[in-house]
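This is a predicted model, so every value here is computed, not measured. Heavy atoms only: backbone and side chains are in, while hydrogens, waters and symmetry mates are out. Numbers restart at 1 for each chain; the letters A, B, ... are given by sequence-line order, proteins then strands.
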Amino acid sequence: MLKIYNTLTRKTEEFQTLEPGKVRMYVCGVTVYNDAHVGHAMSAIVFDIVRRYLEYRGYAVKHVMNYTDVDDKIINRANQLGEDPLKLSARYIADYAADLKSLNVLPATSNPQVSTTMPLIIQFIEGLIQKGHAYAASNGDVYFRVNSDDDYGRLSGRKLEDMQAGARIEIGEQKEHPMDFALWKAAKPGEISWDSPWGKGRPGWHIECSAMNLAELGEQIDIHGGGNDLIFPHHENEIAQSECYTGKEFSRYWIHNGMLQLGGEKMSKSLGNIISIKEFLSKRSSDIMRMLVLNGTYRAPLMFNDETLDAAERNVERLKSALKPASPSAAGLSADTLSASTESATANFTEAMDSDFNTAGAVAALFELSKSINTARDNGATGEQLKPAQETFKQLAGVLGLTLEEKKGSSEDEAQVEALLSERTQARKDKNWKRSDEIRDQLKVMGVTIEDSKDGTTWKWS
RNA sequence: GGCGUCGUGGCCAAGUGGUAAGGCAAGGGUCUGCAAAACCCUCAUUCACGGGUUCAAAUCCCGUCGACGCCUCCA
């Protein structure tokens, strides 16, 4: 039985879907105006794992991830670059999709955008006004009336009275209550805008997600996810809008990932301590990023530094070792030692993942199995004997989204490596250790690691 | 100041009442011409601190200290 920690109730609860066998999941995506960073990667990977595991458990998952392509920051950036804001965001949407692909994150079932959801957003706001949950100000802004929602604050555990200290009404805003938030913002001169019953303008940040949820998944969903920095105000406001509009409970489970920590601080655009996904992937593999996430707890802060990354890299290498083929000279094992360990590893894997996606425990189960496979191979197991365990191993690693693929080089480089290796093999036959070690050093510089064994020499790019 | 999450070995970290998973690093060993990889062994009587509940607590309760996140945009 799968259990999930629900931010809404602050408890770990049994997972039950609205509709048997089907999961409707909405995850807040990114605002597209510059390169995505490894913090975004963490979030994308966390929910990719959630999705993959739900599918492994037999659910049909409808996974929606939005793109915020209408926003102040996009407009500012577009002005700086002298580019059309929607062109700018289209560019970064393509860019982010490519980043996700290189991180082995499965594409969402759909990726709605604000700019193409405009009629529904307007309809949504009109509905809220009709029900008395929103009001239009004379300047063309529309605000959500927080006092009209008795439950306001229940996701973040705040009370309106407590929040007023920090709240301020900006100059030019015409709010009834300091915590009222914008559903629609009147256009400033020269800004991109859409026609509405309240004049030209554009949507506030939160309403888009409520509208897209409704459009893509209906009035009620099973899982709503995002970074824990979105709990307030974004998700709080989404709940308020959606529930006031439909009169029904919006999402049953709220899942929030913790923040990536760089030097003891959250990595974020505003702090400027950013490492982009592209920059990361130019130095390390996507499996290493994913292993870093798997090694931790998705809800807790994740330490991102050379030490934790090096450990993740070693972990990936260790897992890869389980997939090495049997020795060609293997005599075979007389007894089957692997099927029992395969079974127990699978059980441990599932048990861990069932406990609120305990990926660290799931990886530990993979290490167990990897050790059993390697021991069997060392003891002379044949390829046939290793195969079932290795297949299970690959399947479970795949549920976590690990590729366990070796790096690839160009064919010209490979030809050169092969030539050097055959020279080295001859040198070793001649017991010319000096030349043999020279070649090994030379290959090392080229980025090639070699391993000698009774059955010959194997190599890989490192 | 308010709300929330959390403090487990050198590092990352699992474990929410029954006597401390796993990985990295470190040390020793098997194998190897030497390496590398793999495998074996060693590595927290103790879970921030102080009280309390219990036959029994890292796990529950109270307090203290500390870290991080949110309260403005943020995955």
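For Asp229(A), the salt bridge (Lys or Arg N to Asp or Glu O under 4.0 Å) partners at least two apart in sequence or on another chain are Lys266(A).
Here the options are Thr359(A), Asp48(A), Thr403(A), Asn104(A), the test is side chain to side chain donor-acceptor pair (under 3.5 Å), and the partner is Arg290(A); only Asp48(A) passes.
What separates NZ of Lys266(A) from P of G4(B) is a distance of 19 Å, to the nearest Å. Here the P atom of nucleotide C3(B) and the CG atom of Leu155(A) are 16 Å apart, to the nearest Å. Rounded to whole angstrom, the span from the CZ atom of Arg158(A) across to the P atom of C71(B) amounts to 7 Å. Nucleotide A75(B) holds its P atom 11 Å from the CG atom of Asn257(A), rounded to whole Å. Rounded to whole angstrom, the span from the NE2 atom of His235(A) across to the C1' atom of G4(B) amounts to 16 Å. Computed from coordinates, the Met291(A) CE to C11(B) P distance equals 21 Å when rounded to whole Å. Between the P atom of A75(B) and the CD1 atom of Ile277(A) lies a distance of 11 Å, rounded to the nearest Å. Straight-line distance from the OH atom of Tyr298(A) to the P atom of U5(B): 13 Å, rounded to whole Å.
Checking C68(B), A13(B), A75(B) against every side-chain atom of Met303(A), the shortest atom distance belongs to A13(B). Proximity note for Pro233(A) (side chain, C-beta onward) versus C68(B), C71(B), A75(B): the nearest is C71(B).
The partner of G33(B), taking Watson-Crick or G-U wobble pairs whose two distances both stay under 3.5 Å, does not exist in any strand shown. The partner of G66(B) is C6(B), by the rule that a Watson-Crick or G-U pair needs both atom distances under 3.5 Å. Base-pair partner of C47(B): not found among the strands shown (Watson-Crick or G-U wobble, both distances under 3.5 Å). Nucleotide C55(B) has G18(B) as its partner under the Watson-Crick or G-U criteria, with both atom distances under 3.5 Å. Remark: A26(B) base-pairs with U42(B); criterion is Watson-Crick or G-U wobble with both hydrogen-bond distances under 3.5 Å.
To the nearest 0.5 angstrom, Leu281(A) atom CG is 11.5 Å from Ile275(A) atom CD1.
Contact of the Lys320(A) side chain with the Leu402(A) side chain is not registered, since no non-hydrogen atoms from C-beta on lie closer than 4.5 Å.
At least one donor-acceptor pair under 3.5 Å links the side chain of Arg377(A) to the backbone N or O of Ala322(A).
At G15(B), one or more side-chain N or O atoms of Asn358(A) fall inside 4.0 Å of OP1 or OP2 (strictly under the cut-off).
For the pair Asn305(A) and Ser156(A), nearest-nucleotide mapping onto RNA chain B gives the more 5' position to Ser156(A). Summary of the strand contacts: Val38(A) and Leu292(A) both lie near RNA chain B, and taking for each the nucleotide with the nearest heavy atom, the more 5' one is attributed to Leu292(A).
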Heavy-atom contacts, protein to nucleotides 26-38 of chain B, under 4.0 Å, summarised as B (base), S (sugar-phosphate only) or - (none) per nt, yield -------BBBBSS
